[in-house]
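Convention: sequence-line order gives letters A, B, ...; per-chain numbering from 1.
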Amino acid sequence: MARAYRWLFPHPFLTLLLAAVWVMLQNQISAGMVVFGLILGTIIPQITSVWWPDRPKSIRLGKMFSYVIVVLWDIIVANLQVAWIVLSVPNARLKPAWIVVPLELKQPEAITVLAGTITLTPGTVSADLSNEGHSLLVHVLHTDDPDAVRDDIKNRYERRLLEIFA
Amino acid sequence: MTLSMLATLGAALSLLIGSGFVIVGVIGLLKFNDPMTRLHAPTKVGTLGIGMLLLASILNAMAAGDPSMHELLIMAFLFVTAPVSANFIAKVSIHKRTCEAPPKPLKDGTWSTLDAPKDE
(Lines give C-alpha, C1' and ligand atoms only; values in the text may rest on other atoms or scores of the structure.)
Protein backbone atom coordinates (compact mmCIF):
# COMPACT_ATOMS: atom_id res chain seq x y z
CA MET A 1 0.00 0.00 0.00
CA ALA A 2 2.72 2.41 1.05
CA ARG A 3 4.73 1.44 -2.02
CA ALA A 4 1.75 1.98 -4.31
CA TYR A 5 1.23 5.41 -2.74
CA ARG A 6 4.89 6.26 -3.24
CA TRP A 7 4.71 5.14 -6.85
CA LEU A 8 1.55 7.13 -7.51
CA PHE A 9 2.67 10.28 -5.67
CA PRO A 10 6.49 10.54 -5.68
CA HIS A 11 6.23 14.18 -4.60
CA PRO A 12 2.88 14.81 -2.86
CA PHE A 13 3.68 18.46 -2.22
CA LEU A 14 4.47 19.00 -5.91
CA THR A 15 1.13 17.38 -6.81
CA LEU A 16 -0.77 19.90 -4.68
CA LEU A 17 1.35 22.78 -6.00
CA LEU A 18 0.73 21.86 -9.65
CA ALA A 19 -3.01 21.55 -9.03
CA ALA A 20 -3.05 24.98 -7.33
CA VAL A 21 -1.06 26.54 -10.20
CA TRP A 22 -3.45 25.02 -12.74
CA VAL A 23 -6.50 26.41 -10.94
CA MET A 24 -4.82 29.83 -10.67
CA LEU A 25 -4.00 29.81 -14.38
CA GLN A 26 -7.73 29.43 -15.10
CA ASN A 27 -8.40 32.44 -12.85
CA GLN A 28 -11.58 30.85 -11.51
CA ILE A 29 -12.37 27.87 -9.35
CA SER A 30 -14.58 25.14 -10.80
CA ALA A 31 -14.77 21.47 -9.84
CA GLY A 32 -13.73 20.30 -13.31
CA MET A 33 -10.58 22.41 -13.27
CA VAL A 34 -9.62 21.16 -9.79
CA VAL A 35 -9.99 17.55 -10.96
CA PHE A 36 -7.99 18.23 -14.12
CA GLY A 37 -5.32 20.00 -12.05
CA LEU A 38 -5.07 16.97 -9.77
CA ILE A 39 -4.73 14.68 -12.82
CA LEU A 40 -1.90 16.85 -14.16
CA GLY A 41 -0.38 16.95 -10.66
CA THR A 42 -0.36 13.15 -10.60
CA ILE A 43 1.05 12.58 -14.09
CA ILE A 44 3.80 15.25 -14.19
CA PRO A 45 5.64 14.25 -10.94
CA GLN A 46 5.44 10.61 -12.04
CA ILE A 47 7.04 11.04 -15.46
CA THR A 48 9.68 13.46 -14.12
CA SER A 49 10.54 11.47 -10.98
CA VAL A 50 13.42 9.81 -12.87
CA TRP A 51 15.34 13.09 -12.71
CA TRP A 52 14.31 13.84 -9.15
CA PRO A 53 14.74 10.64 -7.14
CA ASP A 54 15.11 12.10 -3.64
CA ARG A 55 12.70 14.30 -1.80
CA PRO A 56 13.29 16.47 1.28
CA LYS A 57 12.58 14.41 4.40
CA SER A 58 10.34 16.94 6.08
CA ILE A 59 9.67 20.63 5.65
CA ARG A 60 8.36 22.67 8.56
CA LEU A 61 5.69 24.76 6.91
CA GLY A 62 5.25 27.14 9.88
CA LYS A 63 8.96 28.03 9.87
CA MET A 64 8.87 28.25 6.06
CA PHE A 65 6.10 30.84 6.31
CA SER A 66 8.04 33.05 8.75
CA TYR A 67 11.12 32.66 6.52
CA VAL A 68 9.14 33.97 3.54
CA ILE A 69 8.01 37.00 5.59
CA VAL A 70 11.61 37.72 6.68
CA VAL A 71 12.86 37.45 3.08
CA LEU A 72 10.11 39.72 1.68
CA TRP A 73 10.93 42.35 4.32
CA ASP A 74 14.64 42.08 3.53
CA ILE A 75 13.92 42.49 -0.20
CA ILE A 76 12.15 45.79 0.48
CA VAL A 77 14.88 47.13 2.80
CA ALA A 78 17.71 46.00 0.54
CA ASN A 79 15.97 47.48 -2.51
CA LEU A 80 16.00 50.91 -0.89
CA GLN A 81 19.66 50.53 0.12
CA VAL A 82 20.74 49.46 -3.37
CA ALA A 83 18.69 52.20 -5.03
CA TRP A 84 20.55 54.67 -2.83
CA ILE A 85 23.91 53.11 -3.76
CA VAL A 86 23.07 53.25 -7.50
CA LEU A 87 22.08 56.90 -7.33
CA SER A 88 24.74 58.23 -4.93
CA VAL A 89 27.96 56.20 -5.17
CA PRO A 90 30.13 56.94 -8.23
CA ASN A 91 31.79 54.01 -9.99
CA ALA A 92 35.27 54.92 -8.74
CA ARG A 93 34.25 54.65 -5.09
CA LEU A 94 32.20 51.46 -5.54
CA LYS A 95 33.63 48.55 -3.55
CA PRO A 96 32.35 45.29 -5.02
CA ALA A 97 33.62 42.12 -3.39
CA TRP A 98 33.54 38.34 -3.70
CA ILE A 99 32.63 36.53 -0.52
CA VAL A 100 32.83 32.84 0.21
CA VAL A 101 30.06 31.41 2.36
CA PRO A 102 30.91 28.04 3.94
CA LEU A 103 27.75 25.90 3.84
CA GLU A 104 26.37 23.77 6.64
CA LEU A 105 23.34 22.86 4.55
CA LYS A 106 23.62 19.51 2.80
CA GLN A 107 20.36 18.98 0.90
CA PRO A 108 20.34 20.29 -2.68
CA GLU A 109 16.83 21.74 -2.23
CA ALA A 110 17.94 23.75 0.80
CA ILE A 111 21.06 25.06 -0.97
CA THR A 112 18.91 26.05 -3.96
CA VAL A 113 16.55 28.01 -1.72
CA LEU A 114 19.50 29.74 -0.01
CA ALA A 115 21.13 30.68 -3.33
CA GLY A 116 17.81 31.95 -4.68
CA THR A 117 17.24 34.04 -1.56
CA ILE A 118 20.70 35.58 -1.83
CA THR A 119 20.09 36.56 -5.46
CA LEU A 120 16.60 37.94 -4.81
CA THR A 121 17.75 40.24 -2.01
CA PRO A 122 19.35 43.08 -4.00
CA GLY A 123 23.01 43.83 -3.45
CA THR A 124 24.08 40.19 -3.40
CA VAL A 125 24.15 37.64 -6.23
CA SER A 126 25.06 34.00 -5.69
CA ALA A 127 27.48 33.17 -8.48
CA ASP A 128 28.77 29.65 -8.05
CA LEU A 129 28.99 26.55 -5.90
CA SER A 130 32.28 24.81 -5.13
CA ASN A 131 32.85 21.53 -6.93
CA GLU A 132 31.89 19.41 -3.91
CA GLY A 133 29.14 21.67 -2.66
CA HIS A 134 30.60 22.93 0.62
CA SER A 135 30.91 26.65 -0.21
CA LEU A 136 28.85 29.23 -2.03
CA LEU A 137 30.40 32.10 -4.00
CA VAL A 138 28.52 35.37 -3.56
CA HIS A 139 29.14 38.70 -5.27
CA VAL A 140 28.38 41.86 -3.28
CA LEU A 141 27.70 45.16 -5.00
CA HIS A 142 29.09 47.54 -2.40
CA THR A 143 30.42 46.74 1.04
CA ASP A 144 33.03 47.99 3.50
CA ASP A 145 33.04 44.79 5.51
CA PRO A 146 32.68 41.54 3.49
CA ASP A 147 32.89 39.39 6.64
CA ALA A 148 29.82 41.09 8.11
CA VAL A 149 27.82 40.30 4.95
CA ARG A 150 28.88 36.66 5.18
CA ASP A 151 27.90 36.42 8.86
CA ASP A 152 24.60 38.10 8.05
CA ILE A 153 23.80 35.50 5.37
CA LYS A 154 24.76 32.67 7.71
CA ASN A 155 22.84 33.95 10.73
CA ARG A 156 19.77 35.30 8.99
CA TYR A 157 19.07 32.79 6.24
CA GLU A 158 21.11 29.62 6.66
CA ARG A 159 20.26 29.15 10.33
CA ARG A 160 16.54 29.38 9.52
CA LEU A 161 16.88 27.00 6.56
CA LEU A 162 18.70 24.49 8.76
CA GLU A 163 15.62 24.49 11.02
CA ILE A 164 13.19 24.25 8.07
CA PHE A 165 14.97 21.34 6.37
CA ALA A 166 15.81 19.59 9.65
CA MET B 1 -14.57 57.90 -0.99
CA THR B 2 -15.65 54.51 -2.24
CA LEU B 3 -13.67 51.33 -2.07
CA SER B 4 -13.05 51.18 -5.81
CA MET B 5 -11.70 54.73 -5.77
CA LEU B 6 -9.30 53.77 -2.97
CA ALA B 7 -8.17 50.78 -5.05
CA THR B 8 -7.58 53.01 -8.08
CA LEU B 9 -5.51 55.42 -5.99
CA GLY B 10 -3.53 52.48 -4.57
CA ALA B 11 -2.94 51.20 -8.09
CA ALA B 12 -1.67 54.60 -9.23
CA LEU B 13 0.64 54.84 -6.22
CA SER B 14 2.11 51.37 -6.75
CA LEU B 15 2.57 52.12 -10.47
CA LEU B 16 4.61 55.19 -9.51
CA ILE B 17 6.75 53.37 -6.94
CA GLY B 18 7.23 50.38 -9.27
CA SER B 19 8.32 52.47 -12.23
CA GLY B 20 10.64 54.42 -9.91
CA PHE B 21 12.44 51.20 -8.98
CA VAL B 22 12.54 50.06 -12.61
CA ILE B 23 14.16 53.37 -13.60
CA VAL B 24 16.77 53.03 -10.84
CA GLY B 25 17.48 49.52 -12.12
CA VAL B 26 17.98 50.82 -15.65
CA ILE B 27 20.26 53.62 -14.41
CA GLY B 28 22.30 51.02 -12.55
CA LEU B 29 22.54 48.83 -15.66
CA LEU B 30 23.82 51.78 -17.70
CA LYS B 31 26.09 53.29 -15.06
CA PHE B 32 28.10 50.34 -13.76
CA ASN B 33 30.99 49.27 -15.95
CA ASP B 34 31.70 45.72 -14.91
CA PRO B 35 29.57 42.67 -15.85
CA MET B 36 29.28 41.46 -12.26
CA THR B 37 28.14 44.78 -10.77
CA ARG B 38 25.78 45.25 -13.70
CA LEU B 39 24.13 41.98 -12.78
CA HIS B 40 22.85 43.57 -9.56
CA ALA B 41 20.56 46.01 -11.34
CA PRO B 42 18.18 43.49 -13.03
CA THR B 43 17.72 41.51 -9.79
CA LYS B 44 16.41 44.66 -8.19
CA VAL B 45 14.01 45.41 -11.05
CA GLY B 46 12.85 41.81 -10.98
CA THR B 47 11.79 41.90 -7.35
CA LEU B 48 10.34 45.14 -6.04
CA GLY B 49 9.83 46.96 -9.35
CA ILE B 50 7.84 44.23 -11.08
CA GLY B 51 6.20 43.37 -7.74
CA MET B 52 4.74 46.86 -7.39
CA LEU B 53 3.58 46.92 -11.05
CA LEU B 54 1.80 43.60 -10.53
CA LEU B 55 0.25 44.90 -7.31
CA ALA B 56 -1.10 47.82 -9.34
CA SER B 57 -2.58 45.33 -11.80
CA ILE B 58 -4.27 43.38 -8.96
CA LEU B 59 -5.71 46.58 -7.44
CA ASN B 60 -6.91 47.80 -10.82
CA ALA B 61 -8.67 44.50 -11.54
CA MET B 62 -10.28 44.69 -8.08
CA ALA B 63 -11.49 48.24 -8.75
CA ALA B 64 -12.98 47.08 -12.04
CA GLY B 65 -14.86 44.35 -10.15
CA ASP B 66 -13.06 41.47 -11.85
CA PRO B 67 -10.54 40.03 -9.36
CA SER B 68 -7.54 38.36 -10.97
CA MET B 69 -5.00 35.94 -9.53
CA HIS B 70 -2.62 35.67 -12.49
CA GLU B 71 -0.31 38.31 -11.04
CA LEU B 72 0.56 36.14 -8.05
CA LEU B 73 1.57 33.38 -10.46
CA ILE B 74 3.73 35.77 -12.52
CA MET B 75 5.41 36.86 -9.28
CA ALA B 76 6.01 33.26 -8.23
CA PHE B 77 7.45 32.29 -11.64
CA LEU B 78 9.70 35.39 -11.65
CA PHE B 79 10.99 34.62 -8.17
CA VAL B 80 11.85 31.08 -9.24
CA THR B 81 13.45 31.91 -12.61
CA ALA B 82 15.27 35.21 -11.95
CA PRO B 83 17.99 33.69 -9.70
CA VAL B 84 18.63 30.95 -12.28
CA SER B 85 19.32 33.39 -15.13
CA ALA B 86 21.42 35.64 -12.84
CA ASN B 87 23.40 32.57 -11.83
CA PHE B 88 24.01 31.66 -15.48
CA ILE B 89 25.26 35.14 -16.36
CA ALA B 90 27.58 35.05 -13.34
CA LYS B 91 28.86 31.62 -14.35
CA VAL B 92 29.56 32.83 -17.88
CA SER B 93 31.60 35.80 -16.66
CA ILE B 94 33.57 33.58 -14.29
CA HIS B 95 34.15 31.08 -17.07
CA LYS B 96 35.25 33.72 -19.61
CA ARG B 97 37.44 35.44 -16.95
CA THR B 98 35.80 38.80 -17.73
CA CYS B 99 35.49 39.60 -14.04
CA GLU B 100 37.91 39.74 -11.13
CA ALA B 101 39.06 36.23 -10.26
CA PRO B 102 37.05 34.82 -7.32
CA PRO B 103 38.91 33.69 -4.18
CA LYS B 104 39.47 29.99 -3.50
CA PRO B 105 36.70 28.11 -1.71
CA LEU B 106 37.43 27.24 1.93
CA LYS B 107 37.02 23.45 1.92
CA ASP B 108 36.85 22.13 -1.63
CA GLY B 109 39.31 22.34 -4.49
CA THR B 110 37.78 24.90 -6.80
CA TRP B 111 34.51 26.42 -8.02
CA SER B 112 32.39 24.13 -10.16
CA THR B 113 32.52 26.50 -13.16
CA LEU B 114 36.32 26.42 -13.19
CA ASP B 115 36.39 22.68 -12.57
CA ALA B 116 36.89 21.68 -16.20
CA PRO B 117 39.36 19.38 -17.92
CA LYS B 118 42.45 21.34 -19.01
CA ASP B 119 43.06 20.07 -22.56
CA GLU B 120 39.95 20.81 -24.55
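- Proximity to chain B is absent for every atom of A/Thr112, based on heavy atoms less than 4.5 angstrom apart.
- In terms of modelled atom types and a separation under 3.5 Å, the side chain of A/Thr15 and the main chain of A/Gly41 share a donor-acceptor contact.
- Heavy atoms of B/Phe79 lying under 4.5 Å from chain A belong to its backbone as well as its side chain.
- Both the backbone and the side chain of B/Leu48 come within contact range of chain A, with heavy atoms under 4.5 Å apart.
- Contact between A/Ser135 and A/Val100 at its shortest, heavy atoms only, is CB-CG1, 3.9 Å.
- Looking at A/Ile99, neither its backbone nor its side chain comes within 4.5 Å of chain B, counting heavy atoms on both sides.
- Side-chain atoms of B/Ile50 and B/Leu78, non-hydrogen and from C-beta on, do get closer than 4.5 Å to each other.
- Checked by atom type and distance alone, the side chain of A/Glu158 pairs as donor or acceptor with a backbone atom of A/Leu105 at under 3.5 Å.
- With contacts defined as side-chain heavy-atom distances shorter than 4.5 Å, the pair A/Leu18/A/Leu40 does not qualify.
- The stretch residues 136-157 of chain A places A/Leu136, A/Leu137, A/His139, A/Val140, A/Leu141 near chain B, each with some heavy atom under 4.5 Å from a heavy atom of that chain.
- Among all heavy-atom pairs drawn from B/Leu39 and B/Ala86, the shortest one is CD2-O, 3.6 Å.
- Proximity of B/Thr2 to B/Leu6: side-chain heavy atoms (C-beta onward) are nowhere separated by under 4.5 Å.
- B/His40 places none of its side-chain heavy atoms less than 4.5 Å from the side chain of A/Val82.
- Taking 4.5 Å as the heavy-atom cut-off, the residues of residues 67-74 of chain A that approach chain B are A/Leu72, ordered by number.
- The two residues B/Pro83 and A/Thr119 make their nearest non-hydrogen contact at CA-CG2, 3.7 Å.
- Residues of residues 28-37 of chain B lying within less than 4.5 angstrom of chain A, judged on heavy atoms, are B/Gly28, B/Lys31, B/Phe32, B/Asn33, B/Met36, B/Thr37 in numerical order.
- Considering only heavy atoms from C-beta on, A/Leu103 comes within 4.5 Å of A/Leu129 through its side chain.
- Closest non-hydrogen pair, B/Asn87 versus A/Ser126, comes out as ND2-O, 3.3 Å.
- A heavy-atom distance below 4.5 Å is not found between the side chains of B/Val80 and B/Phe77.
- Contacts between residues 14-22 of chain B and chain A, defined by a heavy-atom separation under 4.5 Å, are made by B/Phe21.
- Under the 4.5 Å side-chain criterion, counting only non-hydrogen atoms from C-beta, A/Val21 is in contact with B/Leu73.
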